[in-house]
Amino acid sequence: DTLAKVKSSGSITMGIRESSYPLSYLDDKQQPIGYHIDICNRIVDAVKSKLNLKTLKVNHQAVTSQNRIPLVTNGTVDLECGSTTNNVARQNQVAFAPTTFVTNVRMAVKKASGITSLTQLGGKPVATTTGTTSVQLMRAHEKGKGIDFKEVYGKDHADSFLMLETDRAVAFVMDDNLLAGLIVTSKNPADYAIVGETLNIEPIAIMIRKEDPQFQGLVNTVIRDLAKSGEIDKLYAKWFMAPIPPKGANMNFPMSDKLKELLKNPSDAPAEQYNRK
Amino acid sequence: MIEINNVSKWYGQFQVLTDCSTQITKGDVVVVCGPSGSGKSTLIKCVNGLEAFQQGNIVVNGTSVGDPKTNLPKLRSRVGMVFQHFELFPHMSITENLVIGQTKVLGRSKEEAQERGLKLLDRVGLKSQADKFPGQLSGGQQQRVAIARALAMDPICMLFDEPTSALDPEMINEVLDVMVELANEGMTMMVVTHEMGFARKVADRVIFMDHGHIVEDATKEEFFGTPRSERAQQFLSKILSH
Amino acid sequence: MIEINNVSKWYGQFQVLTDCSTQITKGDVVVVCGPSGSGKSTLIKCVNGLEAFQQGNIVVNGTSVGDPKTNLPKLRSRVGMVFQHFELFPHMSITENLVIGQTKVLGRSKEEAQERGLKLLDRVGLKSQADKFPGQLSGGQQQRVAIARALAMDPICMLFDEPTSALDPEMINEVLDVMVELANEGMTMMVVTHEMGFARKVADRVIFMDHGHIVEDATKEEFFGTPRSERAQQFLSKILSH
Amino acid sequence: MNYHWNWGIFLEQVKAGEETYLDWLITGFGWTLAVALTAWVMALLCGGIIGTLRTAPQRGLAFFATCWVELFRNIPLLVQMFLWFFVVPELLPRELSLWIKQDMPAKEFVTAVLCLGLFTSARVAEQVRAGVQSLPNGQRMAGLAIGFTLPQTYRYVILPMAFRIIIPPLTSEFMNIFKNSSVAFAIGVLELTFQARQMQEDSEQGIETYLAVTVLYFICAFVANRGMAFIEKRSRVPGFIATSK
Amino acid sequence: MSFFAQFDLSVIGPSLPFIWTGLLFTVKLTVIAMTGGIILGTLLALARLSPITPLAMAATWYVNLMRSIPLLMVILWFFLIIPLLTGKPMGAENSAIITFTLFEAAYYSEIMRAGIQSVPRGQVWAGQAIGMTYAQTMGHIILPQAFRNMLPVLLTQTIILFQDTSLVYAIGAKDLLKAAEIAGKNYNRPVEMYVFVAFVYFVICFALSRLVKHLQSRIAIIR
Ligand SMILES: Nc1ncnc2c1ncn2[C@@H]1O[C@H](COP(=O)(O)OP(=O)(O)OP(=O)(O)O)[C@@H](O)[C@H]1O
Ligand SMILES: Nc1ncnc2c1ncn2[C@@H]1O[C@H](COP(=O)(O)OP(=O)(O)OP(=O)(O)O)[C@@H](O)[C@H]1O
Ligand SMILES: [Mg+2]
Ligand SMILES: [Mg+2]
């Protein structure tokens, strides 16, 4: 199991995302930083003291949405600190720490377009990122039923946003925190707005290997303590409500009520439980 | 028929031909010989404009080869040429090799071209090979086909560039025999070759080249009798001994 | 020196050599001739084991070539061979060409090998070319270097496979001259060639091959006097006319 | 290790839709074939012309062809794909640019084919050039000598042989184009790699997904290889021995 | 047009150190994979040409298999599956180096095979005729010529390799393209970064292809 492995090798491998702004990304010096990285560092500290290690080498392994799950299951990554949605299908393969962030799937549009709801998107191109399920969510939503979306795919969020920016798409459907990050760093942040119905509520969590109760227990404790002591609110404010590297932009993204509520009683319930109709 | 007047040619700095002049009248057979690299191939390629030259002029049957206004493809279609390495078109059957020039250049009908091609093939003794491909024939056979291909265009004169030097010794004669026959029929021919037996038999004149110059331009009798230049004497002795 | 006993060889289904036998005693010069594809090159390559044969045996200087236990490289190092296309090593200078076999195979020191190489280069008249590369020499010069390279290994006999047939007519003699000299010095030689002048001058025996058979194996006088087989007569007439 | 295998995944329904994962892969396979084959036709045409021009005696034409080749082969395909999709339309007049971005039918497909076709054309052109130059100069001379114009000489004499000679390297290029078409996912063509990413994201059965996709790509390359071998056999010139012994 | 009026090159400056390390990794990967690939490829080529049938068959299979699968898939397989089988995880960079070496070896082996076959048969005979063993003939006569004949093609393949290294994005190793992409994303300036990186690739590859031309005339064997 993970703790034994860490103990014997003297090192732990953190899976990081390189551009999941501001949860986990790289600064100019290529060091991973972000809200989840900070939380993971706490977990690493806890591992260190639990195992009574003087030194613990922390490796950073960049992961992508394609390889993060295999990398965790095959043992390359011990602790994935990215922006992974906790859902039932994934729980077949891996386990999750208690949810530390909640995102709502909504859409970004150019203000000038006047679009405010799904119902206005009929026949119009809508951008979404390959490998995400936003289009299915739109179709599944009650207001989206029967509307003919013309989906276009970017290979990553930056590309998808570029589609919106260059008028290839009139809307970009994605997690709202990511949208907010893309908008503040865009050339003309004032041109864009996040609008429309919430298509899905997604709990985002740190990912670990399945069937590893000891490590799971340790991770759970760390996060519960953070939540209880209110420290997690400070971390949240540091990354979402203040200027952050590399350009010093401020996301101005207040904590959602959902997350506040959740942090009172941390859990690793999958997305499906939030979106029951 | 062919007039070569003061032709000079350079490859970059290197002068391949220096002030070459000679004339070939209708029905003449002229053999060109000389050491390797002396410019024989270059000269013969200038005659039908396959190589450009920088000075002088060449007139073939009244048409100036160097003139930019000359329709070179048309001129070349009337001047047959046979190469050292046969240069049959390897992806076409023998018949197709003989037909393509006639149909695409002379505009003959396919049937007419085929008939003429087969007749010539018969003449060089290869009628039975009509449907084979060049790679399936021996060198000597290929060269005979190449001669037939040139003849199919009804040329007014023929140029040969060492037609036998890539052949096995046994096959040289089958090609030379065809050439001798052609000469005897009165074809105007300019032949680069080292086969002095052939020269002795049918040449009217022999031209000896060295370092891009025409060193000797004499009747056969004069040439084999008393070649004037030392270089030519030396060359002949080397070629003819053993 | 060389004994060839009932050698037969096949390429797949195709029989290239059929029951060939002959013997070459020390100091003999044997010329092998015959039409293209008759198996001359194959036979001569069997002698130093460059080609394997399926039946019969060949004994060179007491060593059986076909025997799997024979150290072929060692045997070959004592049998000089000269090829139609020279086969100098194009990426090495002339000196290196002469040295490499001596150092890598015979284990001579570099200085010794160089000295011996230069001596032989001088002998074939090419001392001044020692530092050039093969591609910078004419064909005749390359072939003379190839002979020197073979001699550098102090061979007990020499094999030549059409050493002059890839040469310009002018250059044939410079190579034949070296070979004549070698023959006169008493080197045992087996020479595939069509140069009948050479055969007349130095051969002790002439072997005529056709379709993989040794058709004729006679002294020079017999061969040029009254060749017995019709095929040989025909061949000679073709080669010698013109 | 503790990977949860599920080979039945292909027949399961996708999360939000009626179709199965297998349907996704089949759609993807179809688009991969469409992109690769269309781009191949384009690459052959452009590559044939550009490669020929590189051997032309006219300096200007040869220079143009050289620029073409250098431009398209010195930038990674992925980057080119992006440039064609996002940058090039912005260089056009606004109306045209908007039309391309919003109303042009199958715009991702067209862009992908254009990009992949041009990229491959540079490689094909190099091979055509090598093929033409590997023919003895005498062939050109012989063509001209019987009165062909230079274009006729190319058409009837040089190119037919050059193309036969370069079939082996063209085979590799043809196999490559299927593999390279995977880059089209970057601009949202719904081809195999795209569907694989979609499926692995949706099903979380990455290894099964990639294995299936690898097999499909392998089949493409294999069929391409056999197809070219067939053409090679059919177009083989009797008695002609290729340059290598 | 406003699109390019807003072309924001200022983001390139702060990203340069980042991109530089990416470039270094790309170069390192290219050099190692080229060296290893050529050595292994030469051995594979010799195996394919050897008279020992099973050896030749195995080499042929290896080469054909590698050439039939997209590099992207090979990269993923090595990275994901091998640790799954061996139980030992492998870092992204080591995995990339091993994968590229093994993959490129298949391509280099085809080139070396063509190179060996381009040396006239007579050269083998000539080497053997002066008493060299098979190994000596290969080492002193055939391979040096094959290598020089094929040098331009080997280098052209290396240029392709250099471009293909961009595919390591799939396993999270940071090469030139990936570094530029990350920088582009963190600043949300993908277009500027792609144009910049296209320029960098072009300059490097073009310079290399000029070098190939130059070498071709310098090192070619005079025949
Ligand atoms: N394309 C070229 N560029 C530069 N030099 C050339 C070119 N073609 C031929 N030469 C040189 O021009 C000279 C004459 O060549 P040419 O082929 O006319 O000689 P030749 O008399 O036909 O010789 P051979 O008997 O070997 O055929 C030679 O020194 C040759 O090296
Ligand atoms: N590797 C091979 N595989 C199959 N057949 C071969 C091979 N090498 C030679 N042959 C055939 O064997 C026969 C004899 O060849 P060989 O080279 O010994 O003839 P040769 O008498 O030397 O002819 P030439 O005068 O043309 O050199 C020819 O018919 C040839 O086609
Ligand atoms: Mg010539
Ligand atoms: Mg022979």
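Here is how names work: the chains are called A, B, and so on, in the same order as the sequence lines, proteins then strands, and each is numbered from 1. Computed from a prediction, not measured in an experiment: that's the story for all the values here.
Heavy-atom distances place the side chain of D:R164, and not its backbone, under 4.5 Å from chain B. Only the side chain of B:E51 comes within contact range of chain D, with at least one heavy atom under 4.5 Å from a heavy atom of that chain. For D:Q139, the parts sitting under 4.5 Å from any heavy atom of chain B are the backbone and the side chain alike.
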Q.
If you apply the rule side-chain contact (heavy atoms from CB on, under 4.5 Å), what do you find for B:F89 with D:I146, and how did you get there?
A. CA-CA 12 Å; B:F89 306 137; D:I146 62 170; 4.1 Å; yes

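Looking at every heavy atom in both residues, B:F83 comes nearest to D:A142 through CE1-CA, 3.6 Å.
Of the listed residues (B:K74, B:E87, B:M92), the greatest number of heavy-atom pairs within a distance under 4.5 Å of chain D belongs to B:E87. Each of B:I100, B:L106, B:N48 has some count of heavy-atom pairs under 4.5 Å with chain D, and the biggest count is that of B:I100. In terms of heavy-atom pairs under 4.5 angstrom with chain D, the leader among B:L75, B:N71, B:V105, B:V79 is B:V105.
Side-chain atoms of B:H91 never come within 3.5 Å of backbone atoms of D:I158 as a donor-acceptor pair (strictly under, hydrogens ignored).
Note that NZ of B:K104 and OH of D:Y156 are 3.5 Å apart. Values are rounded to the nearest 0.5 Å. Between atom CE of residue B:M81 and atom CG of residue D:L144 there is a gap of 11.0 Å, rounded to the nearest 0.5 Å.
Considering only residues two or more places apart in sequence or on other chains, B:R144 meets the salt bridge (Lys or Arg N to Asp or Glu O under 4.0 Å) condition with B:E174.
B:P90 has its side chain within reach of D:M161: a pair of non-hydrogen atoms, C-beta onward, lies under 4.5 Å apart. For the pair D:M141 and B:K45, the minimum side-chain heavy-atom distance is below 4.5 Å.
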